[in-house]
Amino acid sequence: MSAGDNPQTKSARIVIRNAEAGDIDDIIALQKRAFPKMEPDSPGMIRGRLERFPEGQFVVELDGELAGWASTFIVDEAIAFADHTLDSITGHGYGSLHNPEGDWLYGAEVAVDPGVRRIRIGQRLYDARRGLCEDWGLKGIVFGARIPSLRRKIKEFGSAEAYLEAIQEKKAKDPVLAFQSRLGFEPVRLMKDYYPEDRESLGHSVLMSWQNPAWVEDEKAPVRPEPRTIRVASVQFQARAEESLEKFERNVEYFVDVCSDYRADFCVFPEMFTVALLALEKRRLSPEESINALSRHTPRFIEFMRGLAVGYNINIIGGSHPTQTEDGDIQNVAYVFLRDGSVHAQEKIHPTPNEKFWWGIKGGDEVRTIDTDCGPIGVLICYDAEFPELARKLADEGAGILFVPYATDDRTGHLRVRYCAHARAIENQVFVATAGNVGNLPGVENMDVNYAESAIITPCDFPFARDGLAAVAAENVETIVVADVRLDDLTSARHSGTVRNLSDRRFDLYRVVWNKR
């Protein structure tokens, strides 16, 4: 009996596949094992790359455990071979310079579990990159290679340039560059201060390239996904003193039904629209009593809206609902109900002075994208849309649509939200859907009068609406507005538009950094 026939013999099962959102925690853990002295990526950075170019993110599984990871994106030749740093070429790690119309595949990172040896995980990842390059008809692959022996050799050779020259003349040997040379990559030049955290390489790297021998000019024909068109509906909801909870729910269901009849993918309600439930109380309540009353409705509200999302096959951004959390804090929370039955929550980060005064609301501490069947989205509750850092983080993480439920009592407040929503759409090249309350709610503090003109807002460029408004509601009328938006138009605008706000950022000068909590 041969060794292969021995029932005690078991071969390792290796799977190479594209990375998924569920791999993010494992990827970060792998980065820590592979590069313990370097800072790993944040979850948002990996989410951003997965959304922009899922085909270019690879993992290797060994017996079901993550053993390797490689990240790539596509760039123009001029960017690929110009002087750059790892931070600038990767758009602070989010892959925001990815250009589907570019001609070179850029390797952002390869990480291999140091505990896994002799099965060529690294080579498999480089082979996957090579196959992607050939399938997409790109000119070749380029990346910045580490020189981990440089710190030990710098005194001997006097400079990084002299050491690289000695390697090219085979008078010295670096293990990483030797491995990549065996795979067919050739050094182009030294890049100083490429990655300052790489102390073994003294922050430097070698620009390496491989040219695709099958590349033929004007014959690039990658298989690209169909254009993604998404239908968005904003509900301009009238605040009214309902006679019962059931009547309030029937009114909400009516609008969900209408949006579903329009075959909308998303239906967004206004901020604080559930505060109308306070009109059911027998007497005027203090702020503390009001929050307690609303919190009693929270479990039923969540289950009711979740049932609507599943039953009507639509994703619902459920406005926002003031809620007392388990730790006693009062927060303004936007619940997102997806048609797969999942429920997500986004806290308002910046309560307004009135919210703090009347309701004692405290701000949350995290803004993040929410994965949907239409791609990642973001939610900014009213005042949050007036802070550009929040929208930039969501856009970097891959959100193509930002939903802004809002509640304002007069035209000046409405215009603050509207103008900032336009600004967020332009500077991040995303779509923004706003939904506000109209009507009056006597006896309910901070919600007694309302003003809104809900809209679906686009960037301002040729693929989009002339005035940046795909749809807009008549002011102060209970209604819905519906519009189709194409995420592929965002991609085109970001890489070939009249202005290219995301890719034209000066990564060498500024960045948005979130404190770790």
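The chain is numbered in sequence order, starting from 1.
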Modelled atom types, side-chain donor and acceptor of Glu109 and Trp69, under 3.5 Å: yes

Closest heavy-atom pair and its distance - Arg52, Gly95: CD-O, 3.0 Å

Electrostatic pair Asp198-Arg146, nearest N-O below 4.0 angstrom: yes

Closest non-hydrogen atom pair between Ser159 and Ile154, with its separation: C-CD1, 3.4 Å

Spacing of Ser260 atom OG and Ile316 atom CD1 [to the nearest 0.5 Å]: 9.0 Å

Distance (rounded to the nearest 0.5 Å) between Arg151 CZ and Ser201 OG: 9.5 Å

Arg511 and Val513, any side-chain heavy atoms less than 4.5 Å apart: yes

Atom pair CZ/CZ of Arg505 and Arg392 - distance to nearest 0.5 Å: 4.5 Å

Sidechain N-carboxylate O distance under 4.0 Å for Lys348, Glu271: yes

Phe179 six-ring centre to Arg182 NZ/CZ under 6.0 Å and within 45° of normal: no

Nearest non-hydrogen partners of Gly56 and Thr72, listed with the distance: O-OG1, 2.7 Å

Check: Asn212 and Lys139 side chains under 4.5 Å, non-hydrogen atoms: no

From Arg494 atom CZ to Leu97 atom CG, the distance as rounded to the nearest 0.5 Å: 12.0 Å

Interatomic distance, Ile28 atom CD1 to Lys32 atom NZ [nearest 0.5 angstrom]: 7.0 Å

Side-chain heavy atoms of Cys374 within contact of Phe266, under 4.5 Å: yes

Polar side chain donor-acceptor pair, Asp340 to Ser342, under 3.5 angstrom: yes

Over 12 foreign heavy atoms within 6.0 Å of CD, Gln211: no

Distance-only donor-acceptor check, side chains Asn18 and Glu55, under 3.5 Å: no

Enclosure of Glu186 CD (heavy-atom neighbours >12, cutoff 6.0 Å): no

Over all atoms of both residues, closest heavy-atom pair of Ser71 and Arg129: O-NH2, 3.2 Å

Trp136 ring center within less than 6.0 Å of Phe53 ring center: yes

Donor-acceptor pair, side chain of Ser234 and main chain of Thr434, under 3.5 angstrom: yes

Side-chain ion pair, Arg486 and Asp488, N-O less than 4.0 Å: no

Donor on one side chain, acceptor on other, Ser503 and His495, under 3.5 Å: no

Carboxylate-amine/guanidinium contact Asp265 Arg231, below 4.0 Å: no

Electrostatic pair Asp113-Arg33, nearest N-O below 4.0 angstrom: yes

salt_bridge(Arg47, Glu51) N-O dist < 4.0 Å: no

Cationic N near anionic O, under 4.0 Å, Asp174 to Lys153: no

Short side-chain donor-acceptor distance under 3.5 Å, Thr85 and Ser88: yes

Pair Glu253, Tyr312: side-chain N/O donor-acceptor within cut-off below 3.5 Å: yes

Pair Lys192 + Asp83, salt bridge at N-O below 4.0 Å: no

Minimum heavy-atom distance between Arg17 and Glu61, given as atom pair plus value: NH2-OE2, 2.7 Å

Donor-acceptor pair, side chain of Ser181 and main chain of Leu177, under 3.5 angstrom: yes

Residue pair Ala145 / Gln180: nearest heavy atoms and the distance that separates them: CB-OE1, 3.1 Å

Close side-chain approach of His92 and Phe507, heavy atoms under 4.5 Å: yes

Qualifying residue, where the test is ring-ring contact (aromatic ring centres under 6.0 Å, His included) with Phe73 and the options are Trp104, Tyr106, Tyr94: Tyr106

Aromatic ring proximity, centroids under 6.0 angstrom, His321 and Phe301: yes

Over 12 foreign heavy atoms within 6.0 Å of CZ, Arg120: no

Reported OG-to-CG distance for the pair Ser320 and Asn332, which is rounded to 0.5 angstrom: 3.5 Å

Main-chain N/O of Ala82 paired with His84 side-chain donor or acceptor, under 3.5 Å: yes

Pair Asn315-Asp373, side-chain donor/acceptor within less than 3.5 Å: yes

